[in-house]
Student: 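I'd like to ask some things about the structure below.
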Amino acid sequence: LHASLQYLQKALKIEGRLEKVDNPADTHLNACAVLSQLGRHQSALEHAQSALILLQEELFNGVNPLQDEAEPPKADRIAVLSIAYHNIGVEQEFLKKFDQSLSSYRKGVEVAERYLGPDHSITVTLRNSCVAARRAIVAKDPQARTQLESKKKKGKKKAKGKVKPETGGMISPRG
């Protein structure tokens, strides 16, 4: 893992010197995954956040994604954007920022559902991971249960059905 991290850091330096780089966010997400495995969650979070910013610039540069007439972004890049939100949620959970973590998990699911569709494999994986994370967080933090229950009552009209939980975890844009 340490060698992987060294190569990723070299790649980030090289990308920083280049004028045009294809998919620089992916390098940050890969660095996030390696740092997370090394237990360096704050650094991993920072790389995931950098990836998110780069992806938002790439996908929505000057475009309001909420406008219906806007051209839809490419599905593979939307998948990576959804994964970035998910990975931010993972790192926030490790850092015990539970409310922020759940918000990030949900944002990843929302983006995937909107642009990839509710039945896309990434959407299903992220939705299941979000449910599993919510259950794990409630088990870790009793105060989170109270907060989630009050939010659930407010948003009951938005419920979309039951989901079989899977265990959450880091997702990488490249396998």
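As a basis for the values below, the full set of heavy atoms in this structure was taken, side chains included, without hydrogen atoms, waters or symmetry mates. A quick note: this is a predicted structure, and the numbers were derived from the prediction, not measured.
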Student: Once you round to the nearest 0.5 Å, how far does CD of Glu113 lie from CZ of Arg106?
Tutor: 12.5 Å
Student: Do Leu126 and Tyr85 come within less than 4.5 Å of each other through their side chains, counting heavy atoms only?
Tutor: no
Student: Are Ile78 and Ser82 packed together at the side-chain level, in the sense that at least one heavy-atom pair is separated by less than 4.5 angstrom?
Tutor: yes
Student: Taking all atoms of both residues into account, what is the closest heavy-atom pair of Cys130 and Tyr105, and its distance?
Tutor: SG-CB, 3.8 Å
Student: Nearest 0.5 Å, please: how far is CD in Glu91 from NE2 in His86?
Tutor: 9.5 Å
Student: Under 4.0 Å between a Lys/Arg side-chain N and an Asp/Glu carboxylate O for Arg127 and Asp119?
Tutor: no
Student: Yes or no on side chain to side chain contact (heavy atoms under 4.5 Å, CB included) for Ile88 and Gln49, after CA distance, side-chain angles and deciding distance?
Tutor: CA-CA 7 Å; Ile88 288 170; Gln49 289 169 328; 4.0 Å; yes
Student: Between the main-chain N or O of Gly117 and the side-chain N or O of Thr123, is there a donor-acceptor pair closer than 3.5 Å?
Tutor: yes
Student: Residues two or more places apart in sequence or in another chain: which of them pass salt bridge (charged side-chain N to carboxylate O under 4.0 Å, His left out) with Lys140?
Tutor: Glu93
Student: Roughly how far apart are Leu102 CG and Lys97 NZ, rounded to 0.5 Å?
Tutor: 14.0 Å
Student: Going by side-chain heavy atoms closer than 4.5 Å, which hydrophobic residues are tied to Leu1, directly or by a chain of links?
Tutor: Leu5, Leu8, Val34, Leu35, Leu38
Student: Report the residue from Leu81, Asn23, Val111 that forms a side-chain contact (heavy atoms from CB on, under 4.5 Å) with Leu55.
Tutor: Leu81
Student: Side-chain contact, heavy-atom cut-off 4.5 Å: Asn128 with Val131?
Tutor: no
Student: Could you give the distance from CD1 (Ile53) to CD (Glu58), rounded to the nearest 0.5 Å?
Tutor: 14.0 Å
Student: Does any non-hydrogen side-chain atom of Arg77 lie less than 4.5 Å from one of Asp26?
Tutor: yes
Student: Working to the nearest 0.5 Å, report the span between OG of Ser36 and CG of Leu29.
Tutor: 12.0 Å
Student: Testing the 3.5 Å rule here: is there a donor-acceptor pair between the side chains of Gln92 and Ser104?
Tutor: yes
Student: For His41, check ring pair (Phe, Tyr, Trp, His ring centres under 6.0 Å) against everything at least two apart and list the hits.
Tutor: Phe94
Student: OG1/Thr27 to CD/Glu15 distance, rounded to the nearest 0.5 angstrom?
Tutor: 3.5 Å
Student: Answer yes if Leu116 and Phe60 sit in the same cluster of Ile, Leu, Val, Met, Phe, Trp and Tyr residues linked by side chain heavy atoms under 4.5 Å apart, and no otherwise.
Tutor: yes
Student: Is there a side-chain contact between Val80 and Asp76, using heavy atoms and a 4.5 Å cut-off?
Tutor: no
Student: I need the minimum non-hydrogen distance between Ser101 and Ile137, along with the two atoms involved.
Tutor: OG-CD1, 3.9 Å
Student: What closest approach, in Å, do Asn87 and Cys32 show between heavy atoms, and which atom pair accounts for it?
Tutor: CB-SG, 4.2 Å
Student: Are Leu54 and Tyr115 joined in one hydrophobic group, where the rule is that I, L, V, M, F, W and Y side chains link up if heavy atoms are under 4.5 Å apart?
Tutor: no
Student: Search all heavy atoms of Ala31 against all heavy atoms of Leu12 and return the closest pair with its distance.
Tutor: CB-CD1, 4.4 Å
Student: According to a hydrophobic-cluster definition based on side-chain heavy atoms being under 4.5 Å apart (Ile, Leu, Val, Met, Phe, Trp, Tyr only), do Val21 and Tyr7 belong together?
Tutor: no
